Student: 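Please see the structure below; I have some questions.
The shown structure was predicted, so the numbers you read here are calculated from the model rather than taken from an experiment.
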Amino acid sequence: QVQLVESGGGLVQAGGSLRLSCAASGRTFSTYVMGWFRQAPGKERQFVAAISRSGGSTRYADSVKGRFTISRDNAKNTVYLQMNSLNFEDTAVYYCAAGSAALFSTIYSYASQYTRWGQGTQVTVSS
């Protein structure tokens with residue numbers, strides 16, 4: 001089973017950028033669809049972005065399209081979330097998630113489709 005560890009969170013001013021990383025253990029990273037979710041205080045966990053096993057397909061929440069970019073490096077067992085033009089509404093704990101898939105092009109948007117989760121990393125955007 002893959003284990004996930006996020007890093008890269010922190011405090012940033014509005015308009016700034018951060019890059020989150022999620023390092024996965026194990027030899028099966030390339031068999032997982034990878035996703036990023038976030039949860040703000042008092043709110044439900046929200047889909048942010050996902051990337052297929054091959055990295056050839058991506059999907060984004062409307063709220064982050066054009067500002068966030070998800071990518072993966074299967075050789076390094078790592079998935080990234082580049083976040084630009086951050087605003088106060090992006091403040092949340094960001095979670096990395098993995099869901100196994102048979103097809104290289106599969107994408108998951110729902111939390112229930114992911115079976116492995118990291119511990120989360122806090123992103124705080126000051127206005």
Student: CD1 of Ile70 to SG of Cys96: how many Å apart, nearest 0.5 Å?
Tutor: 8.0 Å
Student: Scan for salt bridge (Lys or Arg N to Asp or Glu O under 4.0 Å) pairs involving residues 67-81, sequence neighbours excluded, and state none if there are none.
Tutor: Arg67-Asp90
Student: Examine distances only and state if a side-chain atom of Thr124 and a backbone atom of Leu11 form a donor-acceptor pair shorter than 3.5 Å.
Tutor: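 No; zero donor-acceptor contacts below 3.5 Å.
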Student: Show me the side-chain donor-acceptor pairs of residues 12-29 shorter than 3.5 Å, one per line, residues at least two apart or across chains.
Tutor:
residue: Ser17; atom: OG; partner: Asn84; partner atom: OD1; Å: 2.9
residue: Ser25; atom: OG; partner: Gln3; partner atom: N; Å: 3.1

Student: Can you confirm whether the side chains of Glu89 and Thr91 place a donor and an acceptor under 3.5 Å from each other?
Tutor: no
Student: Could you give all pairs that pass the disulfide (SG to SG under 2.5 Å) test and reach residues 27-92, with sequence neighbours left out?
Tutor: none
Student: According to side chain to side chain donor-acceptor pair (under 3.5 Å), who are the partners of Ser71, at least two apart in sequence or on a separate chain?
Tutor: none
Student: Give the table of side-chain donor-acceptor pairs shorter than 3.5 Å for residues 41-54, with sequence neighbours excluded, one pair per line with atom names and distance.
Tutor:
residue: Gln46; atom: OE1; partner: Arg38; partner atom: NE; Å: 2.8
residue: Gln46; atom: OE1; partner: Arg38; partner atom: NH2; Å: 3.4
residue: Ser52; atom: OG; partner: Gly55; partner atom: N; Å: 3.4
residue: Ser52; atom: OG; partner: Gly56; partner atom: N; Å: 3.3
residue: Ser52; atom: OG; partner: Ser57; partner atom: N; Å: 3.0
residue: Ser52; atom: OG; partner: Ser57; partner atom: O; Å: 3.4
residue: Ser52; atom: OG; partner: Phe104; partner atom: O; Å: 3.4
residue: Arg53; atom: NE; partner: Ser30; partner atom: O; Å: 2.8
residue: Arg53; atom: NH1; partner: Ala101; partner atom: O; Å: 3.0
residue: Arg53; atom: NH1; partner: Ala102; partner atom: O; Å: 2.9
residue: Ser54; atom: OG; partner: Gly56; partner atom: N; Å: 3.2

Student: With a cutoff of under 4.5 Å between side-chain heavy atoms, which Ile, Leu, Val, Met, Phe, Trp and Tyr residues group with Phe88?
Tutor: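 ILVMFWY cluster around Phe88 holds nothing else.
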Student: Starting from Tyr80 and following side-chain heavy-atom contacts under 4.5 Å between hydrophobic residues (I, L, V, M, F, W, Y), which residues can be reached?
Tutor: none
Student: Keeping to residues at least two apart or across chains, list the salt bridge (Lys or Arg N to Asp or Glu O under 4.0 Å) pairs with something in residues 102-120.
Tutor: none
Student: Please identify each residue that fulfils ring-ring contact (aromatic ring centres under 6.0 Å, His included) with Tyr108, with sequence neighbours left out.
Tutor: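 For Tyr108, the residues satisfying ring-ring contact (aromatic ring centres under 6.0 Å, His included) (neighbours in sequence not counted) are Tyr114.
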Student: Do any N or O atoms from the side chain of Tyr32 and from the backbone of Ala97 form a donor-acceptor pair under 3.5 angstrom?
Tutor: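 Absent.
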Student: Side-chain heavy atoms under 4.5 Å apart, restricted to Ile/Leu/Val/Met/Phe/Trp/Tyr: what other residues fall into the cluster of Val5, or is it alone?
Tutor: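 Result for Val5 is none, singleton.
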Student: Of all residues at least two apart in sequence or in a different chain, which pass the side chain to side chain donor-acceptor pair (under 3.5 Å) check with Ser109?
Tutor: Arg59
Student: Among all residues two or more places apart in sequence or in another chain, which pass the ring-ring contact (aromatic ring centres under 6.0 Å, His included) test with Tyr94?
Tutor: none
